[in-house]
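Please read the structure below before turning to the comments.
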Amino acid sequence: MSRKKKFHLFENIEVIDTAAKGKTVAKSPDGRVVFLSNAVPGDIVDIRTGRKRKSYFEGKAVKFHHLSDKRVDPVCEHFGTCGGCKWQHMNYQDQLMYKQKEVTNNLIRIGHLELPEVTPIAGSEKTYFYRNKMEFSFSDSRWLTEEELKSDVEFDDKNACGFHIPGMWDKILDIKKCHLQEEPSNAIRNSVRDFAIENNISFFNPRQQSGMLRTMMIRISSNGEIMLVIQFFHEDVEKRELLLNFIKKTFPEITSLQYIINQKGNDSIYDQDVILFSGRDHIFEEMEGLKFKINAKSFYQTNSSQAYELYKIGRDFANLKGDEIVYDLYTGTGTIAQFVASKAKKVVGIEAVPEAIADAKENARENKIDNTVFHVGDMAKVFTEDFIQTNGTPDLIITDPPRDGMHQKVVAQILNILPEKVVYISCNSATQARDLSLMKELYTIEKTQAVDMFPQTHHVENVVLLKRKN
């Protein structure tokens, strides 16, 4: 006999705070935490619980008795289904407040760190249409909305181009208008989808591993250059050229039109050949007169204007005098390294991705920067005593690791070298707090400032300046 799930209904509960991953928090009548996915702090709601854990519930607000003064009307018709902009129903100033609070709480509670007066979070001037890169997926079995399911209408057209439904690897929500990337992003996506349907170019089915159109990536740089990369599951020269020629003719402003034939089980392109169809195989980003070449596989911060603010804050924290050796750990394509190079004697960048280091070296040559050197390899293995003897002992380390934070060996090596200052840039203040806690006996936190790179979401970057204790 199957065990039935036991659901609870909690009535007239106030939503009191935000939590990790964009969720909000309420308390059940017995004091246990309830995590919600569709409410704003200040709402008073009835909650139907779903998954129950030992010390908390997961639930959904099913009735709203009072709406919070922090609420605003979402601008996107897909809000609530898409899952990409979970905070679009919250006032932007309140978003910033909760992001600031999360960073501070993580540093204090996880890292047990003593903080100076916290510099207010740097908000984004653009709160919509700020992303320079978007990736969309094609599917022949699109996600039907609740309204469509209730309509009793038979839907013959199941093709979609849009985003994965959260938790559904094989279901795509068809997107009519996305508010994250400026035009012609929406125009390109909608035109490609409509043309493909009209001309019987099949859409991908991940379960059956069939269909032709797989993904589309659009990059739009801050100076207006556009890259479009179409990923096909299999080759059909006639249909591929029909589609690509249509795109070339309809959107002559596209700087780089490329494609990939990918027959793997997943969509990642880093081991795939990217083939140029029209234009050049790259676009350029610019920052303070520096040019950065971006190809289909390049990593670049996805909010160009806020990346500039982030890097300026990092450079200001570093307060370089011109005679320092600087290490830029997890350098990517060397953007930060080149951004601070004019203020330093020498900058040494380290990155695990060979293509990124190739870009970094080429960008440095193009920008006529001759005091940077770049090395490729696993950080925990490359960042050794021999490496330091060869490249010089750093006076400053800038580190911008992935979400998982720094490897313990990297932290240990920093503590072994003991540079005068460390600037730690992080997209995950929880792992940042963990790493900083390992360094607190030898370093003092001098400054900390959060930077909002992703309005309408819970994501936030944080910059911390550490100074060596005497």
Given side chain to side chain donor-acceptor pair (under 3.5 Å), test Asp140 with Asn205 step by step and report yes or no. CA-CA 6 Å; Asp140 69 352; Asn205 184 308; 3.1 Å; yes

Evaluate the criterion salt bridge (Lys or Arg N to Asp or Glu O under 4.0 Å) for residue pair Glu362 and Lys293; output intermediate values, then yes/no. CA-CA 8 Å; Glu362 186 171 349; Lys293 182 179 176 182; 2.7 Å; yes

Parallel, tilted or perpendicular: which describes the rings of Phe339 and Tyr311, with under 30° parallel and over 60° perpendicular? tilted

Pairing donors with acceptors under 3.5 angstrom, does anything connect the side chains of Ser256 and Gln258? yes

Working to the nearest 0.5 Å, report the span between CZ of Phe277 and CG of Leu257. 6.5 Å

Glu285 and Ser304: CA distance, side-chain angles, deciding distance, side chain to side chain donor-acceptor pair (under 3.5 Å) verdict: CA-CA 8 Å; Glu285 271 288 357; Ser304 299; 2.8 Å; yes

Residues Asp359 and Lys297 bridged, charged N to O under 4.0 Å: no

Cation-pi, Phe136 ring and Arg189 (6.0 angstrom, 45 degrees): yes

Any chance you could lay out the side chain to side chain contact (heavy atoms under 4.5 Å, CB included) test for Leu36 and Val15, step after step, and finish with the verdict? CA-CA 9 Å; Leu36 303 170; Val15 183; 3.8 Å; yes

Apply side chain to side chain donor-acceptor pair (under 3.5 Å) to residues Gln231 and Thr215 and explain how you reach the verdict. CA-CA 5 Å; Gln231 189 173 179; Thr215 68; 2.6 Å; yes

Check the angle between the aromatic planes of His179 and Tyr128 and answer parallel, tilted or perpendicular using the 30° and 60° thresholds. perpendicular

Report the relative orientation of the aromatic rings in Phe195 and Phe246; use parallel for angles under 30°, tilted for 30 to 60°, perpendicular for over 60°. parallel

Between Asp452 and Tyr92, a side-chain donor and acceptor under 3.5 Å: yes

Is Lys312 positioned over the aromatic face of Tyr308, cation under 6.0 angstrom from the ring centre and no more than 45 degrees off axis? yes

Verdict with reasoning, Ile357 to Thr331, per side chain to side chain contact (heavy atoms under 4.5 Å, CB included): CA-CA 8 Å; Ile357 288 297; Thr331 190; 3.9 Å; yes

Determine, for Glu235 against Arg240, whether the closest basic-nitrogen to carboxylate-oxygen distance falls under 4.0 angstrom. yes

Pair Gln306, Gln301: side-chain N/O donor-acceptor within cut-off below 3.5 Å: no

Quick one: is the NZ or CZ of Arg193 closer than 6.0 Å to the six-membered ring centre of Phe138, and within 45° of its axis? no

Using a 3.5 Å distance criterion without hydrogens, assess whether the side chain of Gln432 forms a donor-acceptor pair with backbone atoms of Gly405. no

Output yes when Glu225 and Arg280 qualify as a salt bridge under the 4.0 Å nitrogen-oxygen rule, no when they do not. yes

Flag if over 12 foreign heavy atoms under 6.0 Å of CG, Asp271: yes

Any side-chain heavy atom of His164 within less than 4.5 Å of one from Ser137? yes

Assess, by modelled atom type and distance only, whether the side chains of Asn295 and Ser298 contain a donor and an acceptor separated by less than 3.5 Å. yes

Take atom CD of Glu183 as the centre, draw a 6.0 Å sphere, and report whether it contains more than 12 heavy atoms from other residues, nucleotides or ligands. yes

Between Pro455 and Asn303, what is the shortest heavy-atom contact and its length? CD-ND2, 4.4 Å

Answer yes or no: is there a side-chain heavy-atom contact under 4.5 Å between Ile247 and Val192? yes

If you define the side chain from C-beta out and look only at heavy atoms, does anything of Val326 sit under 4.5 Å from Ile397? no

Any donor and acceptor pair, going by atom type alone, linking the side chain of Gln181 with main-chain N or O of Phe129 inside 3.5 Å? no

Taking C-beta and beyond as the side chain, do Ile350 and Tyr330 meet within less than 4.5 Å on heavy atoms? no

My understanding is that only residues two or more places apart in sequence, or in another chain, count here; which of them pass ring pair (Phe, Tyr, Trp, His ring centres under 6.0 Å) with Tyr327? Phe387

Can you check whether Thr81 reaches Trp143 side chain to side chain, under 4.5 Å on heavy atoms? yes

Using a strict threshold of under 4.0 Å (side-chain N to carboxylate O), is an ion pair present between Arg365 and Asp370? no

dist Ile275:CD1 -> Asp281:CG (nearest 0.5 Å) comes out at 12.5 Å

Would Ser268 and Asn266 count as having a side-chain donor-acceptor pair, cut-off 3.5 Å? yes

One should read off an interatomic distance between Ile336 CD1 and Leu310 CG, to the nearest 0.5 angstrom, of 6.5 Å

Below 4.5 Å, heavy atoms only, C-beta onward: do Thr302 and Tyr130 meet side chain to side chain? no

Contact between Leu329 and Asp400 at the side-chain level, heavy atoms closer than 4.5 Å - yes or no? no

Criterion side-chain contact (heavy atoms from CB on, under 4.5 Å) against Gln413, the qualifying member of Met379, Met406, Glu385: Glu385

Pair His89-Asn38, side chain to side chain donor-acceptor pair (under 3.5 Å): steps then yes or no: CA-CA 9 Å; His89 56 347; Asn38 65 332; over 6 Å; no

For Lys381, look at atom NZ and say whether over 12 heavy atoms of other residues, nucleotides or ligands are found less than 6.0 Å away. no

Looking just at side-chain N and O atoms, do Gln338 and Asn367 make a donor-acceptor pair shorter than 3.5 Å? yes

Non-hydrogen side-chain atoms of Glu198 and Asp194 separated by less than 4.5 Å: yes

Heavy-atom count around Arg48 CZ within 6.0 Å, excluding the residue itself: above 12? no

Between Asn391 and His375, is any side-chain donor less than 3.5 angstrom from a side-chain acceptor? yes

Is the number of heavy atoms from other residues, nucleotides or ligands under 6.0 Å of Lys248 NZ greater than 12? no

Can you name the closest pair of heavy atoms from Ala360 and Phe374 and give their distance? O-CE1, 3.8 Å

I would like to know whether Glu366 and Lys361 meet salt bridge (Lys or Arg N to Asp or Glu O under 4.0 Å); could you show each step before the answer? CA-CA 9 Å; Glu366 290 294 321; Lys361 290 177 178 178; over 6 Å; no

Tell me if the centroids of the rings in Phe35 and Tyr56 come within less than 6.0 Å of each other. yes

Residues Tyr424 and Asp435: side-chain donor-acceptor under 3.5 angstrom: yes

Could you walk me through whether Lys291 and Asn363 pass the side chain to side chain contact (heavy atoms under 4.5 Å, CB included) test, one step at a time? CA-CA 7 Å; Lys291 277 190 165 187; Asn363 286 331; over 6 Å; no

So, taking the atom named CG in Asn245 and the one named CG in Leu243, what distance separates them when rounded to the nearest 0.5 Å? 9.0 Å

Within this structure, what is the CG-CD1 distance for the pair Asn223 and Ile283, rounded to the nearest 0.5 Å? 8.0 Å

Ring centroid separation for His234 and Phe232, is it under 6.0 angstrom? no

Heavy-atom neighbours of Glu125 CD exceed 12 at 6.0 Å: no

